[in-house]
Amino acid sequence: MNKSNNDKCKLQKIVELDYLRGISALAVISIHVLGFYSRIEGESTLKIVISYLAKFAIFAVPCFVFISGLVLYKNYFTVNVCSFFKQRFSKILPMYIIFSFFYIILLASFNYSQG
């Protein structure tokens, strides 16, 4: 496979993955919403239905992991391992450090106001 075919394959979007992401996102939202209603006291038909819906929506997290792996493979299958990790860390690490800093400040201010 030459370089131009490689670039075409890399840039070609799989529309079905967007549909799968959308369905999975709705399933994750439903898990969180249904978690609130699962605390209904006693046994009722509503609680049983909510329990089954939550169990059905549990596919969402493995689906996101699968989609992420597939997209990473599709976009980086010609890149060597060192280059891949360098690219990924250069995108992820700065944001991780920034949000960790803000979290530490927030946590420290919350503990300061509590004690």
Side-chain angles (χ1 to χ4, degrees):
M1 194 182 279
N2 63 21
K3 186 73 173 163
S4 63
N5 285 343
N6 233 356
D7 290 339
K8 280 184 192 176
C9 183
K10 193 175 190 179
L11 298 177
Q12 186 180 13
K13 187 172 183 154
I14 302 173
V15 178
E16 291 82 0
L17 287 181
D18 288 338
Y19 295 137
L20 197 55
R21 280 182 186 152
I23 292 168
S24 296
L26 290 174
V28 168
I29 291 168
S30 71
I31 288 171
H32 290 287
V33 170
L34 294 174
F36 175 77
Y37 290 106
S38 68
R39 296 185 182 130
I40 297 172
E41 294 294 324
E43 290 298 319
S44 68
T45 306
L46 180 61
K47 188 171 183 175
I48 293 169
V49 169
I50 287 171
S51 175
Y52 279 110
L53 286 174
K55 294 293 182 200
F56 174 73
I58 222 162
F59 76 93
V61 175
C63 190
F64 274 125
V65 171
F66 170 75
I67 291 170
S68 296
L70 180 65
V71 170
L72 282 173
Y73 172 75
K74 188 176 180 312
N75 288 335
Y76 292 102
F77 73 97
T78 58
V79 178
N80 69 21
V81 175
C82 291
S83 177
F84 168 77
F85 281 114
K86 190 182 288 187
Q87 288 175 355
R88 298 307 295 171
F89 281 128
S90 69
K91 290 179 182 178
I92 295 170
L93 197 59
M95 286 296 166
Y96 178 78
I97 291 170
I98 290 169
F99 280 100
S100 294
F101 178 73
F102 284 126
Y103 178 75
I104 290 169
I105 291 173
L106 182 68
L107 188 63
S109 67
F110 181 73
N111 285 338
Y112 181 74
S113 66
Q114 291 289 324

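On a predicted model such as this, the values are computed, not experimentally measured, just so you know. Heavy atoms only: backbone and side chains are in, while hydrogens, waters and symmetry mates are out.
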Checklist outcome for this item: One should read off an interatomic distance between Leu34 CG and Lys55 NZ, to the nearest 0.5 angstrom, of 12.0 Å
Next on the checklist: Using side-chain heavy atoms (C-beta onward) and a distance below 4.5 Å, is Leu72 in contact with Arg88?
Outcome noted: yes
Checklist entry - What distance do Ile97 atom CD1 and Ile92 atom CD1 have between them, rounded to the nearest 0.5 Å? => result 12.0 Å
Checklist entry - Counting only heavy atoms not in Phe59, do more than 12 fall under 6.0 Å of its CZ? => result yes
Item to check | Worked verdict on Lys13 versus Val71 for side-chain contact (heavy atoms from CB on, under 4.5 Å) | outcome: CA-CA 10 Å; Lys13 187 172 183 154; Val71 170; over 6 Å; no
Checklist entry - Among Tyr73, Tyr76, Phe77, which residue meets the ring pair (Phe, Tyr, Trp, His ring centres under 6.0 Å) test with Phe84? => result Tyr76
Next on the checklist: Can you give me the closest heavy-atom contact between Ser24 and Ala60, atom names plus distance?
Outcome noted: O-CB, 3.4 Å
Checklist outcome for this item: To the nearest 0.5 Å, atom OH of Tyr96 lies from atom OH of Tyr103 at 11.0 Å
Checklist entry - Is a donor on one side and an acceptor on the other found under 3.5 Å between the side chain of Ser51 and the backbone of Lys47? => result no
Checklist outcome for this item: The reported gap from CZ in Phe64 to CG in Leu20 (rounded to nearest 0.5 angstrom) is 8.5 Å
Checklist entry - For the atom pair CD1 (Ile23) and OG (Ser30), what is the distance rounded to the nearest 0.5 Å? => result 12.0 Å
Checklist entry - Transitively linked via ILVMFWY side-chain contacts under 4.5 Å: Phe66 with Ile14? => result yes
Next on the checklist: Keeping Ser83 on the side-chain end and Val79 on the backbone end, is there a donor-acceptor pair under 3.5 Å?
Outcome noted: no
Item to check | Separation of Ile31 CD1 from Leu26 CG (nearest 0.5 Å) | outcome: 11.5 Å
